[in-house]
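Worksheet for the structure shown next.
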Amino acid sequence: MKIMCTDIEWDTDGDTEMKLALPDSVEVNLDDIDDFLDDDITEDNSTIIADYLSDQYGFCVETFDYKVLG
């Protein structure tokens with residue numbers, strides 16, 4: 001299953017230039033996340049997705065929205 005993470009708020013410790021450089025939306029293939037629990041976006045899975053994005057981009061995710069792509 002794929003989702004589109006949107007409205008991503010990154011924790012850049014006030015680095016405005018970096019915040020502007022990071023994407024505000026990212027397509028994520030949930031099959032690429034080993035720890036993903038099931039096909040439901042639960043609070044636990046939201047944390048796992050945020051951790052995955054943090055690993056990919058090097059900055060923590062504060063919040064994000066999503067929509068299921070398929």
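Worth saying up front: this structure is predicted, and the values here are computed from it rather than measured.
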Taking distance alone, no hydrogens or angles, what donor-acceptor pairs closer than 3.5 Å link side-chain atoms of residues 9-17 to residues at least two apart or in another chain?
| residue | atom | partner | partner atom | Å |
| --- | --- | --- | --- | --- |
| W10 | NE1 | P23 | O | 2.6 |
| D11 | OD1 | D13 | N | 3.2 |
| T12 | OG1 | D15 | O | 3.3 |
| D15 | OD1 | E17 | N | 3.2 |
| D15 | OD1 | M18 | N | 3.0 |

Item to complete: Can you tell me which residue pairs pass the salt bridge (charged side-chain N to carboxylate O under 4.0 Å, His left out) test with a partner in residues 56-68, sequence neighbours excluded?
Response: none
Worksheet entry | Shortest non-hydrogen separation from E27 to K2 and the atoms involved | OE2-CD, 3.4 Å
Practice prompt. Please say which of L30, L69, V26 ends up in a side-chain contact (heavy atoms from CB on, under 4.5 Å) with I3.
Written response: L30
Worksheet item: Can you list every salt bridge (charged side-chain N to carboxylate O under 4.0 Å, His left out) pair that touches residues 45-60, not counting sequence neighbours?
Response: none
Worksheet item: Which heavy atom in C60 sits nearest to a heavy atom in S54, and how many Å separate them?
Response: CA-OG, 3.2 Å
Fill in: Rounded distance (nearest 0.5 Å) linking atom OH of Y57 with atom CG of L22
8.5 Å
Fill in: Smallest separation among heavy atoms of C5 and L53, with atom names
SG-CD1, 4.1 Å
Worksheet item: What's the spacing between D24 CG and T6 OG1 if we round to 0.5 Å?
Response: 8.5 Å
Discussion item. Is there a side-chain contact between I49 and Y66 in this structure, where contact means two heavy atoms from C-beta onward sitting under 4.5 Å apart?
Written reply: no
Worksheet item: OG of S25 to CG of D7: how many Å apart, nearest 0.5 Å?
Response: 8.5 Å
